[in-house]
2 protein chains.
Amino acid sequence: MEAAVRDRIYEFLLESGLRRTAQRDAIIEAAFSHTDHYTAEELLVRSRGIEPSVSRATVYRTLPLLVESGLLKELDLGKDQMLYDPNYIEHPRHSHLICIDCNRIVEFEDRNIDTLENCITKRLGFSPATKQTRIEASCDELKRSGACAHRVAQDL
Amino acid sequence: MEAAVRDRIYEFLLESGLRRTAQRDAIIEAAFSHTDHYTAEELLVRSRGIEPSVSRATVYRTLPLLVESGLLKELDLGKDQMLYDPNYIEHPRHSHLICIDCNRIVEFEDRNIDTLENCITKRLGFSPATKQTRIEASCDELKRSGACAHRVAQDL
DNA sequence: TTAAATGCAAATTATTTGCAGAAGC
DNA sequence: GCTTCTGCAAATAATTTGCATTTAA
């Protein structure tokens with residue numbers, strides 16, 4: 001986990017009057033030491049790898065705090081579990097494309113969509129708070145060659 | 001419910017080899033006789049108003065059929081229940097803005113967003129299947145006047 | 001007649017919560 | 001010391017499912 005990220009998180013805890021505990025430290029460490037998305041359950045497993053006493057309840061109680069701090073993004077990609085995305089710190093405006101062939105999630109960032117959505121919102125008489133663009137799509141490469149190389153997101 | 005919609009639905013049932021039952025008729029009638037969004041539970045109540053024998057299980061078993069037919073759109077707007085939107089027949093590309101002040105859902109349609117999302121998807125090497133844009137926003141009128149007149153969507 | 005559809009009730013499953021004990025400040 | 005935090009286990013709630021019965025074709 002980067003020092004800058006750690007600083008921002010503990011600053012947030014301090015400001016909010018939240019206490020520092022071994023369990024929270026472990027969850028925070030687990031939450032921001034990868035760049036991939038994870039479920040609450042996966043975060044529990046990772047956290048327990050650092051501090052075995054972490055319980056499921058504490059993970060579920062800590063996640064909303066991190067989301068509220070703006071450091072972690074809760075993603076609802078249409079599955080039955082929420083996903084958590086630690087990459088919003090560095091790319092606060094990215095969107096998601098979900099491959100319907102292999103479930104891969106591709107993150108992309110597009111200034112034009114962002115601007116366009118702001119305009120539309122304003123035109124309707126609102127001020128944007130949260131915007132989410134979710135594109136489900138099929139892989140062209142798979143269609144062509146029959147195999148789907150896990151290409152990396154091209155726009156981040 | 002419009003005759004054209006009814007025709008398309010029963011054509012779909014026929015093509016799929018699905019049987020026509022009193023319960024399905026009632027659910028279909030209830031599903032397409034309003035333009036507002038509804039939950040499975042609300043649809044159950046409406047369906048029972050037409051045919052009292054409709055059970056919750058049958059509603060939950062019928063909804064995926066209607067969604068699969070393309071006549072009904074399943075919306076995941078971040079609540080704990082799915083919402084169903086019968087307006088996709090007439091406006092297949094509309095998006096949703098959710099007012100964080102009053103929970104009102106405003107439907108809007110924007111050709112530019114549509115085009116832009118198609119381009120991005122192609123550029124990433126995919127072909128778009130489902131696209132969902134969800135904007136959560138606060139009401140400017142509420143901020144100004146302290147009251148939030150339920151303005152009608154301006155773009156449909 | 002026979003395969004599909006239904007109602008009921010129980011199962012499933014992610015998430016939340018009450019509570020008593022533990023721990024930070 | 002006082003309040004917050006925690007683990008545990010039970011509660012919650014939308015949706016799904018097994019099964020015996022009914023019904024459309």
Side-chain angles (χ1 to χ4, degrees), chain A residues 9-31 37-69 72-85, chain B residues 9-31 37-69 72-85:
Chain A
I9 292 172
Y10 286 110
E11 185 186 3
F12 169 78
L13 292 184
L14 203 63
E15 281 173 5
S16 310
L18 296 168
R19 290 177 181 172
R20 188 154 174 184
T21 67
Q23 290 87 351
R24 271 187 190 151
D25 280 356
I27 293 168
I28 289 168
E29 186 63 37
H37 304 152
Y38 44 80
T39 62
E41 194 66 27
E42 288 162 356
L43 184 60
L44 172 64
V45 173
R46 285 187 189 169
S47 304
R48 279 182 170 162
I50 300 168
E51 167 57 58
S53 73
V54 172
S55 72
R56 183 170 288 105
T58 299
V59 168
Y60 274 106
R61 280 189 273 234
T62 302
L63 278 169
L65 299 178
L66 298 179
V67 170
E68 200 191 349
S69 79
L72 189 66
K73 177 80 174 178
E74 187 176 55
L75 292 185
D76 183 355
L77 296 187
K79 314 288 177 191
D80 49 359
Q81 302 170 55
M82 283 294 174
L83 281 182
Y84 295 89
D85 182 342
Chain B
I9 292 171
Y10 286 111
E11 185 185 4
F12 169 77
L13 291 184
L14 203 63
E15 279 172 5
S16 311
L18 296 168
R19 292 179 180 172
R20 185 153 175 186
T21 67
Q23 290 87 350
R24 272 187 189 151
D25 280 356
I27 293 168
I28 289 167
E29 185 64 36
H37 305 151
Y38 44 81
T39 62
E41 194 65 27
E42 287 163 355
L43 184 60
L44 171 64
V45 173
R46 283 187 190 168
S47 303
R48 280 184 169 161
I50 299 169
E51 167 57 59
S53 74
V54 173
S55 73
R56 184 171 287 105
T58 299
V59 168
Y60 274 106
R61 281 189 273 232
T62 302
L63 277 169
L65 299 178
L66 299 179
V67 170
E68 200 192 348
S69 79
L72 189 64
K73 176 79 174 179
E74 188 176 57
L75 292 185
D76 183 355
L77 296 186
K79 313 289 174 188
D80 48 0
Q81 302 171 57
M82 284 294 174
L83 279 183
Y84 295 89
D85 182 342

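Chain A is the first sequence line, chain B the second, and so forth, proteins listed ahead of strands; every chain is numbered from 1. Computed from heavy atoms alone, side chains included, the values below leave out hydrogens, waters and symmetry copies.
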State which residues pass salt bridge (charged side-chain N to carboxylate O under 4.0 Å, His left out) with B:Arg48; sequence neighbours excluded, sorted by chain then number. none
Between A:Thr62 and B:Arg61, name the one whose nearest nucleotide on DNA chain D is closer to the 5' end. A:Thr62
Can you find a side chain N or O atom of A:Tyr60 that sits less than 4.0 Å from OP1 or OP2 on C:dT16? no
Can you list every pair that meets salt bridge (charged side-chain N to carboxylate O under 4.0 Å, His left out) and has a residue in residues 72-85 of chain A, with sequence neighbours left out? none
Just how far, in rounded Å, is C1' of C:dA14 from CG of A:Leu75? 17 Å
For atom CG of A:Leu44 and atom P of C:dT15, their distance in whole Å: 12 Å
Identify the 5'-most and 3'-most nucleotides of DNA chain D with at least one atom closer than 4.0 Å to a non-hydrogen atom of chain A. D:dT3 to D:dC8
Run the side chain to side chain contact (heavy atoms under 4.5 Å, CB included) test against [X] and tell me which residues pass, sequence neighbours left out.
X	value
A:Glu11	A:Glu15
A:Arg61	A:Ala57
A:Gln81	A:Thr39

Quick check: on DNA chain C, is the nucleotide nearest B:Arg56 upstream (toward 5') of the one nearest A:Met82, or the reverse? Name the residue that is more 5'. B:Arg56
Counterpart residues, side-chain hydrogen bond (donor to acceptor under 3.5 Å, both in side chains), relative to A:Glu68 (two or more places apart): none
Below 3.5 Å is the cut-off: list the nitrogen or oxygen pairs between protein and nucleotides 22-25 of chain C, distance only.
| residue | atom | partner | partner atom | Å |
| --- | --- | --- | --- | --- |
| C:dG24 | N2 | A:Arg19 | NH2 | 3.0 |
| C:dG24 | N3 | A:Arg19 | NH1 | 3.3 |
| C:dC25 | OP1 | A:Arg20 | N | 3.0 |

Expected list for residues 23-30 of chain A: side-chain donor-acceptor pairs under 3.5 angstrom, two or more places apart:
| residue | atom | partner | partner atom | Å |
| --- | --- | --- | --- | --- |
| A:Gln23 | NE2 | A:Ser53 | OG | 3.3 |
| A:Arg24 | NH1 | A:Arg19 | O | 2.7 |
| A:Asp25 | OD1 | A:Tyr10 | OH | 2.6 |
| A:Asp25 | OD1 | A:Arg20 | NE | 3.2 |
| A:Asp25 | OD2 | A:Arg20 | NE | 3.2 |
| A:Glu29 | OE1 | A:Arg6 | NH2 | 2.8 |

Could you tell me if the side chain of B:Tyr84 sits less than 4.5 Å from the side chain of B:Leu63, heavy atoms only? yes
